[in-house]
Asker: 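Please find one structure pasted underneath; my questions will follow.
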Amino acid sequence: MDHEEFAARTQAVWQRLYRTAYLYLGSEADALEAVDEAVYQALRALKKMRQPELLETWLTRILINTCHKELRRRRWVTGEESLPDSAGPNAYDGLPLREAIRRLPEELRTVVILRYFAGYTLEETAQSLDLPRGTVSTRQRRALQLLRLELGEEGTP
């Protein structure tokens with residue numbers, strides 16, 4: 001894949017990458033910086049990419065790792081993990097949901113963010129996380145069960 005094709009394909013998925021980063025990091029500036037960093041890292045490693053048809057999932061994996069690195073840095077600096085303070089165009093619907101998602105274990109939280117807030121399909125989520133589809137499905141189901149309990153909707157199917 002050459003640089004022009006990389007740029008065109010990256011531009012086509014930029015909104016999705018930004019939305020994912022925004023949901024992880026909670027601020028527009030941090031999300032823009034994370035997407036830029038992920039695209040830069042991908043461009044530097046472009047020759048190492050084995051399957052060009054999976055560019056979006058490869059970029060998503062790099063972006064998730066970049067977001068995790070930023071969240072670890074925040075925890076180290078402030079001692080706590082930050083979540084969006086204000087409602088952006090694609091932010092969580094309300095504070096109880098945001099807090100419930102924050103309390104999910106990391107592997108479940110990642111699946112919920114990719115599936116329900118970033119709009120990835122089950123297959124795309126599995127590829128992005130380099131997990132079997134069944135594992136992602138199980139984590140999704142478990143996360144939804146925990147969210148229902150947390151939000152007091154035990155009777156909802």
Asker: Tell me the closest heavy-atom pair linking R19 and F117, and the distance in Å.
Answerer: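 Scanning both residues, the minimum pair turns out to be CD-O, 3.2 Å.
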Asker: Are M49 and W14 connected in the hydrophobic side-chain network, where two residues link if heavy atoms are under 4.5 Å apart?
Answerer: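 Yes: a chain of side-chain contacts under 4.5 Å links M49 to W14.
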Asker: Taking all heavy atoms of A126 and all of V136, pick out the closest pair and write down the distance.
Answerer: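 Closest approach of A126 to V136: CA-CG2, 3.6 Å.
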Asker: Using a cut-off of 6.0 Å, state whether more than 12 heavy atoms not belonging to E53 lie near its atom CD.
Answerer: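 Yes.
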Asker: Taking all non-hydrogen atoms of both residues, which atom of L23 and which atom of A118 are closest, and how far apart?
Answerer: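 Closest approach of L23 to A118: CD1-N, 3.9 Å.
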Asker: Grab the two heavy atoms, one from C67 and one from L25, that are nearest each other, plus how far apart they are.
Answerer: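 Between these two residues, the closest heavy atoms are O-CD2, 3.8 Å.
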Asker: Do T110 and H68 come close enough that some side-chain heavy atom pair is under 4.5 Å?
Answerer: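 When only atoms from C-beta onward are counted, H68 and T110 do touch, with a gap below 4.5 Å.
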Asker: Do we see a donor-acceptor contact under 3.5 Å between the side chains of E124 and S128?
Answerer: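 Not at all, the side chains of E124 and S128 share no donor-acceptor pair under 3.5 Å.
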Asker: Can you see which heavy atom on Y120 is nearest to which on L17, and at what distance?
Answerer: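 Of all heavy-atom pairs spanning Y120 and L17, the closest is OH-CD2, 4.2 Å.
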Asker: Rounded to the nearest 0.5 Å, what's the gap from OH on Y22 to CD on Q15? Could you check?
Answerer: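 If I round to the nearest 0.5 Å, the distance is 13.0 Å.
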Asker: Please give me the minimum heavy-atom distance between V112 and A143, naming the atom from each residue.
Answerer: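 Closest approach of V112 to A143, heavy atoms only: CG2-CB, 3.4 Å.
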Asker: Are any of the side-chain heavy atoms of P52 and E5 separated by less than 4.5 Å?
Answerer: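 Not in contact.
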Asker: Flag the pair I64 / L114 as yes when at least one side-chain heavy-atom distance between them is below 4.5 Å, and no otherwise.
Answerer: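 Touching, per the 4.5 Å side-chain cut-off.
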Asker: Roughly how far, to the nearest 0.5 Å, is CG of L146 from CZ of R141?
Answerer: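 That separation rounds to 12.5 Å.
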Asker: Are V39 and L32 linked, directly or through intermediate hydrophobic residues, by side-chain heavy-atom contacts shorter than 4.5 Å (ILVMFWY only)?
Answerer: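 They do share one cluster, since a chain of ILVMFWY contacts under 4.5 Å joins L32 to V39.
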Asker: Can you tell me how far apart CG (L43) and CZ (F6) are? Round to the nearest 0.5 Å.
Answerer: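 Nearest 0.5 Å value for the CG-CZ distance: 5.0 Å.
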Asker: Go through the side-chain N and O atoms of Q140 and Y116 and say whether any donor and acceptor fall under 3.5 Å apart.
Answerer: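 Note: Q140 and Y116 side chains meet the donor-acceptor criterion.
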Asker: Determine whether L54 and L46 fall in the same hydrophobic cluster, where Ile, Leu, Val, Met, Phe, Trp and Tyr are linked whenever their side-chain heavy atoms lie under 4.5 Å apart.
Answerer: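 Not linked; separate clusters.
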Asker: If you measure from the Lys or Arg side-chain nitrogens to the Asp or Glu carboxylate oxygens, is any gap between E56 and R16 under 4.0 Å?
Answerer: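 Looking at R16 together with E56, the answer is yes, because their closest N to O distance falls below 4.0 Å.
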Asker: Are L108 and L151 connected, step by step, through hydrophobic side chains (Ile, Leu, Val, Met, Phe, Trp, Tyr) whose heavy atoms are closer than 4.5 Å?
Answerer: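 In one cluster: yes.
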Asker: Return the CG to CZ distance between L104 and R139, rounded to the nearest 0.5 Å.
Answerer: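 Reported to 0.5 Å precision, the distance equals 12.5 Å.
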Asker: Can you tell me how far apart CZ (R103) and CZ (R109) are? Round to the nearest 0.5 Å.
Answerer: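 R103 atom CZ to R109 atom CZ measures 11.0 Å (nearest 0.5 Å).
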Asker: Atom CG of L55 and atom OG1 of T10: how far apart are they, to the nearest 0.5 Å?
Answerer: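 So the CG of L55 and the OG1 of T10 are separated by 5.0 Å.
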